[in-house]
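To start, the structure under review is shown below, and the notes come after it.
Owing to the predicted nature of the structure, the values given are computational and were not obtained by experimental measurement.
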Amino acid sequence: MNNDSKGTLHHIELCVPDIDRAKQEWGWVLARLGYSIYQSWASGISWRLGPTYIVAEQSPAMSSREHERTLPGLNHLAFHSGSQEDLDVFVEESRRHGWVQLFEDKYPHAGGPITTVHTS
């Protein structure tokens with residue numbers, strides 16, 4: 001392992017109930033952020049940006065056909081989107097793709113201003 005990559009994210013794998021829907025829902029987002037299709041097979045696809053890739057695979061072993069973000073498991077993915085203007089355009093484009101914004105009343109920082117530091 002190269003010491004420069006130690007601790008960085010290698011990949012994320014998402015199990016999805018419908019691979020065709022996942023390609024539509026995630027494909028435009030990842031392309032917009034600079035990812036390109038890396039691999040594709042009958043039940044899955046991956047997108048890559050630099051050394052990091054994201055996989056979506058339709059799994060017959062899923063325990064639910066719907067995602068519920070408050071159940072155990074992956075809650076959400078957060079990406080850096082660029083400038084405030086880039087983010088505004090991205091949010092508007094996401095609505096046209098059927099995405100629903102979480103914590104819209106706290107836009108653009110659902111977790112508080114970027115300068116906020118949380119300590120325990």
Side-chain angles (χ1 to χ4, degrees):
M1 174 195 293
N2 179 332
N3 282 338
D4 292 339
S5 61
K6 184 177 180 180
T8 62
L9 186 63
H10 187 267
H11 73 277
I12 296 168
E13 187 163 333
L14 305 170
C15 291
V16 299
D18 183 332
I19 191 61
D20 292 327
R21 190 177 89 207
K23 287 177 182 179
Q24 291 176 9
E25 290 179 351
W26 284 99
W28 79 269
V29 170
L30 296 172
R32 181 89 161 63
L33 293 172
Y35 286 77
S36 55
I37 293 175
Y38 176 48
Q39 300 166 313
S40 186
W41 60 101
S43 62
I45 188 168
S46 66
W47 297 269
R48 185 175 187 154
L49 178 61
T52 304
Y53 63 96
I54 298 174
V55 178
E57 185 165 25
Q58 186 168 327
S59 173
M62 291 184 67
S63 59
S64 175
R65 303 301 292 165
E66 298 295 322
H67 173 71
E68 173 53 55
R69 70 178 192 85
T70 58
L71 291 177
L74 179 67
N75 180 297
H76 68 275
L77 299 175
F79 296 94
H80 293 280
S81 61
S83 69
Q84 181 65 51
E85 182 179 309
D86 292 335
L87 178 60
D88 293 341
V89 169
F90 192 84
V91 167
E92 184 56 38
E93 187 176 348
S94 71
R95 288 184 181 121
R96 291 193 299 270
H97 284 274
W99 286 67
V100 177
Q101 185 177 344
L102 295 176
F103 312 112
E104 189 169 5
D105 60 323
K106 296 180 181 179
Y107 180 80
H109 306 294
I114 286 200
T115 57
T116 300
V117 176
H118 298 280
T119 60
S120 0

Practice prompt. Under the ring-ring contact (aromatic ring centres under 6.0 Å, His included) rule, collect the residues that match up with Phe90, sequence neighbours excluded.
Written response: Trp28
Worksheet entry | Non-neighbouring partners of Tyr53 that pass ring-ring contact (aromatic ring centres under 6.0 Å, His included), sequence neighbours left out |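 Checked Tyr53 against ring-ring contact (aromatic ring centres under 6.0 Å, His included); matches are His10, His11, Tyr38.
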Worksheet item: With a 4.5 Å heavy-atom cut-off, do Ile45 and Ile37 have their side chains touching?
Response: yes
Practice prompt. May I ask you to list the residues sharing a hydrophobic cluster with Val100, side-chain cutoff 4.5 Å, ordered by chain and number?
Written response: none
Worksheet item: When rounded to the nearest 0.5 angstrom, what is the spacing between CD in Gln58 and CZ in Arg21?
Response: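 If we round to the nearest 0.5 Å, Gln58:CD and Arg21:CZ are 10.0 Å apart.
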Worksheet entry | Rounded distance (nearest 0.5 Å) linking atom CD of Glu57 with atom SG of Cys15 | 7.0 Å
Worksheet item: Who pairs with Glu93 by salt bridge (Lys or Arg N to Asp or Glu O under 4.0 Å), at least two apart in sequence or on another chain?
Response: Arg32
Worksheet item: Are Phe79 and Leu9 connected in a single hydrophobic cluster, I mean Ile/Leu/Val/Met/Phe/Trp/Tyr linked by side-chain heavy atoms less than 4.5 Å apart?
Response: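 Yes: a chain of side-chain contacts under 4.5 Å links Leu9 to Phe79.
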List for me each residue that meets side-chain hydrogen bond (donor to acceptor under 3.5 Å, both in side chains) alongside [X], sequence neighbours excluded, and say none if there are none.
| X | result |
| --- | --- |
| Glu92 | Arg95 |
| Ser83 | Asp86 |
| Gln39 | Ser46 |

Discussion item. Using the side-chain contact (heavy atoms from CB on, under 4.5 Å) criterion, which residues pair with Leu14? Sequence neighbours excluded.
Written reply: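 So Leu14 forms a side-chain contact (heavy atoms from CB on, under 4.5 Å) with Ile12, Val16, Trp26, Ile54, Leu74, Leu77.
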Worksheet item: For Asp105, which residues count as a side-chain contact (heavy atoms from CB on, under 4.5 Å) partner, sequence neighbours excluded?
Response: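 If we apply the side-chain contact (heavy atoms from CB on, under 4.5 Å) test to Asp105, skipping adjacent residues, the hits are Phe103.
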Worksheet item: Side-chain donor-acceptor pair under 3.5 Å between Glu25 and Trp99, yes or no?
Response: no
Worksheet entry | Heavy-atom pair of closest approach, residues Trp47 and Ala56 |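 Shortest heavy-atom separation between Trp47 and Ala56 comes out as CZ3-CB, 4.0 Å.
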Worksheet item: Heavy-atom count around Gln84 CD within 6.0 Å, excluding the residue itself: above 12?
Response: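 Atom CD in Gln84 is packed in, count exceeds 12.
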